[in-house]
Every structure is written in C-alpha cells, then in structure tokens.
Q: 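Starting off with a structure, shown below.
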Amino acid sequence: MPELPEVETVRRGLLKIAKGRKIAAIDIHYEKTITNENIAWFKENLIGATIVNVDRRGKYLLFCFDNQMTMVSHLRMEGKYYNLPEDGEIHKHTHVVFHLDDDTKLCYSDSRKFGRMTLVKNDEALQVAGLKTIGPEPTAETLTVEYLQKIMHASRREIKPFLLDQSNVAGLGNIYVDEVLWMSKIHPKEHANLVSDEQIEQLRDNIIQELAVATEHHGTTVHSYTNAFGNAGEFQNHLHAYGNAGKPCERCGTPFKKIKVAQRGTTYCPHCQILTENEND
DNA sequence: CGTTTTTCCTGGCAGC
DNA sequence: TGCTGCCAGGAAAAAC
C-alpha cells in the first residue's frame with residue numbers, strides 16, 4: 001500500500017523515464033480507472049501532449065503536460081507504473097498503456113482496480129476530489145506544531161483514523177501511522193483531544209522524520225515482486241511496530257498486540273502505548 | 001457539521 | 001485438489 005515515501009519514489013522513477021516524452025497513443029483496458037466521464041476526451045487531450053513534469057501532493061501524482069493539462073493519478077493499494085520497450089509484453093492487470101515517442105510504453109497495472117486517474121486543466125487540479133481538502137505536507141515548514149495542536153484539540157476521534165484522514169495531514173497510511181504512534185508512545189485508540197501538547201510535538205517530529213527517512217530508503221516493499229517503480233524500497237527492514245504482532249517491543253520486550261482500530265489492522269505495544277482514560281485495549 | 005459505516009476489488013490464504 | 005468464505009485496505013460516498 002503505497003504511502004508518501006513510496007509515491008515519492010514512484011514520482012522520481014517516472015521523472016527519469018517519462019519527463020520530456022510525448023504521448024503517441026493510449027490503450028485503456030479497464031475504463032473505470034479513468035474517472036473522466038468522457039474517455040475519448042481524456043485520450044484526445046493527452047495524445048500529442050508532452051510530459052513536462054511529474055509532481056506529487058500527499059499520495060497523489062500529478063503529471064503536468066505542455067498543453068496546460070494535469071493528469072492526477074492515485075495508486076491506492078496496488079497501483080504500479082512500469083516501463084517496457086514498445087514490443088514488450090504487458091503484465092497481467094495492466095489497465096492503461098501510454099505509448100511514448102521513444103519507442104517505449106508507460107504501463108499502469110493494478111490488481112485490485114482501486115487506483116484512479118483523471119485529466120483536468122491545470123487550474124482545476126486542486127479542485128479534484130481529495131486534493132481539494134488535503135492537509136499539509138508532512139515537512140518541517142508545512143506541518144507546524146501550532147496547526148497540529150489546533151486540529152487535535154478540536155477532534156474527539158481516535159488518533160489512528162484521525163491521522164489516516166488525509167485532510168488532517170497528507171501522506172500517512174496504515175504502516176507509517178502504526179510506526180509514528182509507537183515512536184510517540186501514543187495508543188492508537190487514544191482520542192486526539194486527549195493527547196498532551198508535549199506528545200503532539202513529539203508526534204509531529206516523528207511524522208516528519210519517519211517519512212523523510214523512509215523516502216531516503218525508497219519506501220517500504222510489502223510485496224516480494226517486480227521491477228515496477230517504488231518496489232525497490234528496503235525500509236521494511238527499519239519498521240518497529242507494523243507487521244511485528246507477537247514479537248517483543250524493542251523498547252520494553254512486551255509482545256506487540258494486533259487489534260482493529262476503525263476497521264484497520266493495527267499493531268501496537270500494550271506496555272508503551274497506554275490509553276489515558278479508558279482501560280480497554 | 002463531525003463522525004462512522006459502507007463500498008469498491010481481487011489475490012491469498014484458512015478451513016473443510 | 002478444489003471449493004467456499006473471509007480478509008486486506010485508501011478514500012469516496014452514504015448513512016448516522
């Protein structure tokens with residue numbers, strides 16, 4: 001499940017192979033991937049257009065073209081881009097193929113078919129659902145202590161779904177939320193407004209630090225497979241909580257527990273991460 | 001309006 | 001081996 005570090009890694013891979021390339025033709029094998037109501041319009045506007053940049057906002061990729069159009073792409077759980085020679089055989093679950101002007105093709109595959117892409121005019125890109133309400137990027141400049149304290153004081157939601165909500169902070173997903181909560185010694189079911197200001201400061205530092213370091217390591221590889229962009233990451237070797245249910249916490253030796261929080265599988269240390277008010281785990 | 005639940009999908013895996 | 005059933009999960013949509 002690509003989160004910010006994985007999407008950033010994909011973006012850098014895309015820049016290398018696609019920047020400056022013109023789209024010669026497009027094959028669409030699964031139309032629901034494209035959310036534009038008019039698929040023909042999507043194709044017409046992209047064919048002949050040149051990719052001038054690939055940007056990112058949270059987990060969204062933004063392909064910028066020389067005709068003042070932007071293609072917004074979200075990988076959701078399984079979306080992957082990969083590049084083949086023009087005569088190469090596409091992988092299973094490939095839903096969209098962009099034929100480029102250098103005798104290669106840029107392919108999008110997605111075994112669960114959850115990923116989406118949409119084409120809009122540049123000035124409408126930030127009005128796309130999801131981007132319209134997205135929260136700040138998790139950097140020292142954009143995610144301030146004051147902001148995080150303000151929105152956490154105002155919400156009684158459990159901290160885990162609160163952090164997964166992209167309108168609060170952009171870029172976190174299930175893996176990195178479990179990590180930063182463990183690092184900050186906050187129980188995943190703790191209510192946001194009950195977290196102390198000191199803990200919020202730590203949480204903010206951990207979010208910024210963790211995502212930056214994971215990006216340096218090219219993200220986390222969950223599946224064993226392929227040369228698709230973003231799958232070369234090795235940050236899975238640096239995870240402390242996620243995927244470690246039953247194994248001892250490296251701080252205190254207590255076995256990690258796995259529970260459900262807001263429908264999401266959640267791993268935490270029952271000794272280090274304590275609820276302030278309720279006693280139920 | 002804030003929060004919770006449901007929905008979309010299919011590979012993988014447990015259980016029989 | 002093959003079948004059924006269930007789970008995983010990001011974010012939009014629907015429901016509360």
Side-chain angles (χ1 to χ4, degrees), chain A residues 1-10 28-37 56-62 72-81 91-96 108-118 120 125-135 137-138 150-181 188-194 207 211 214 219-226 228 230-231 236 239 241-246 258-268:
Chain A
M1 40 249 69
E3 304 177 32
L4 188 149
E6 294 75 36
V7 177
E8 176 60 20
T9 303
V10 171
I28 298 172
H29 299 116
Y30 181 70
E31 294 203 340
K32 283 181 81 171
T33 300
I34 314 298
T35 58
N36 292 89
E37 54 295 343
R56 180 189 59 74
R57 181 75 171 86
K59 304 177 200 172
Y60 293 83
L61 290 164
L62 297 99
V72 180
S73 168
H74 197 300
L75 307 173
R76 295 285 185 94
M77 251 77 78
E78 300 284 344
K80 295 175 183 70
Y81 283 100
H91 305 166
K92 202 178 175 185
H93 307 302
T94 295
H95 306 313
V96 185
Y108 176 77
S109 77
D110 186 349
S111 65
R112 287 193 193 162
K113 299 183 172 175
F114 274 7
R116 294 290 181 262
M117 44 185 89
T118 191
V120 293
L126 297 181
Q127 296 306 308
V128 169
L131 283 176
K132 197 173 181 177
T133 53
I134 198 166
E137 287 291 309
K150 184 184 154 206
I151 61 170
M152 284 181 64
H153 290 163
S155 175
R156 294 192 295 186
R157 293 175 79 184
E158 294 171 340
I159 186 71
K160 175 147 184 181
F162 180 89
L163 291 176
L164 287 173
D165 187 336
Q166 302 298 298
S167 67
N168 290 321
V169 181
L172 290 167
N174 208 38
I175 295 173
Y176 296 111
V177 166
D178 279 6
E179 291 301 299
V180 299
L181 289 178
K189 295 183 89 152
E190 185 64 275
H191 294 276
N193 60 328
L194 297 181
I207 290 171
L211 292 177
T220 297
T221 303
V222 184
H223 306 285
S224 53
Y225 136 125
T226 90
N231 274 4
Q236 62 276 13
L239 297 177
Y242 182 88
N244 286 345
K258 184 156 186 185
I259 59 171
K260 286 264 187 183
V261 181
Q263 275 74 260
R264 300 288 182 272
T266 300
T267 305
Y268 77 107

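Below, read A as the first sequence line, B as the second, and so on, with proteins coming before strands; counting in each chain starts at 1.
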Q: Check whether the side chains of A:Tyr81 and A:Ser73 place a donor and an acceptor atom closer than 3.5 Å, and report yes or no.
A: yes
Q: From NZ of A:Lys260 over to P of C:dC6, roughly how many Å is that when rounded to an integer?
A: 13 Å
Q: Does the side chain of A:Tyr242 get closer than 4.0 angstrom to OP1 or OP2 of C:dG9 through an N or O atom?
A: yes
Q: CG of A:Asp178 versus P of C:dA8: gap in Å, rounded?
A: 13 Å
Q: Salt bridge or not for A:Lys59 and A:Glu3, using N-O below 4.0 Å?
A: no
Q: Going from CG on A:Leu181 to NZ on A:Lys160, what distance comes out if it is rounded to the nearest 0.5 angstrom?
A: 7.5 Å
Q: Would you say the side chains of A:Ser167 and A:Thr133 form a donor-acceptor pair under 3.5 Å?
A: no
Q: Between A:Lys59 and C:dG10, does any side-chain N or O lie under 4.0 Å from OP1 or OP2?
A: no
Q: Hey, does A:Gly130 reach any base, or is it just sugar-phosphate, or nothing, if we go heavy atoms under 4.0 Å?
A: sugar-phosphate
Q: Nearest whole Å is fine: how far is C:dA13 P from A:Gln166 CD?
A: 16 Å
Q: Write down the distance between CG (A:Leu131) and C1' (C:dG10), rounded to a whole number of angstrom.
A: 14 Å
Q: Treating primed atoms plus P, OP1 and OP2 as sugar-phosphate and everything else as base, which nucleotides of nucleotides 1-12 of chain B get B, S or - for protein heavy atoms under 4.0 Å?
A: --SB-B-BBBS-
Q: Checking the side chain of A:Asn168 only, and the main-chain atoms of A:Phe162 only, is there a donor and an acceptor separated by less than 3.5 Å?
A: yes
Q: Could you tell me whether the phosphate oxygens of C:dG10, OP1 or OP2, come under 4.0 Å of any side-chain nitrogen or oxygen in A:His74?
A: no
Q: At under 4.0 Å between heavy atoms, what does A:Tyr60 touch on the DNA or RNA strands: base, sugar-phosphate, or nothing?
A: sugar-phosphate
Q: Whole-Å distance between C:dA8 C1' and A:Glu78 CD?
A: 9 Å
Q: Using the six-membered ring wherever Trp is involved, compare the ring planes of A:Tyr60 and A:His74 and label them parallel, tilted or perpendicular (cut-offs 30° and 60°).
A: perpendicular
Q: Between A:Glu78 and A:Arg76, is there a salt bridge with N-O shorter than 4.0 Å?
A: no
Q: Calculate the interatomic distance between A:Asn168 atom CG and C:dG10 atom P; express it in whole Å.
A: 16 Å
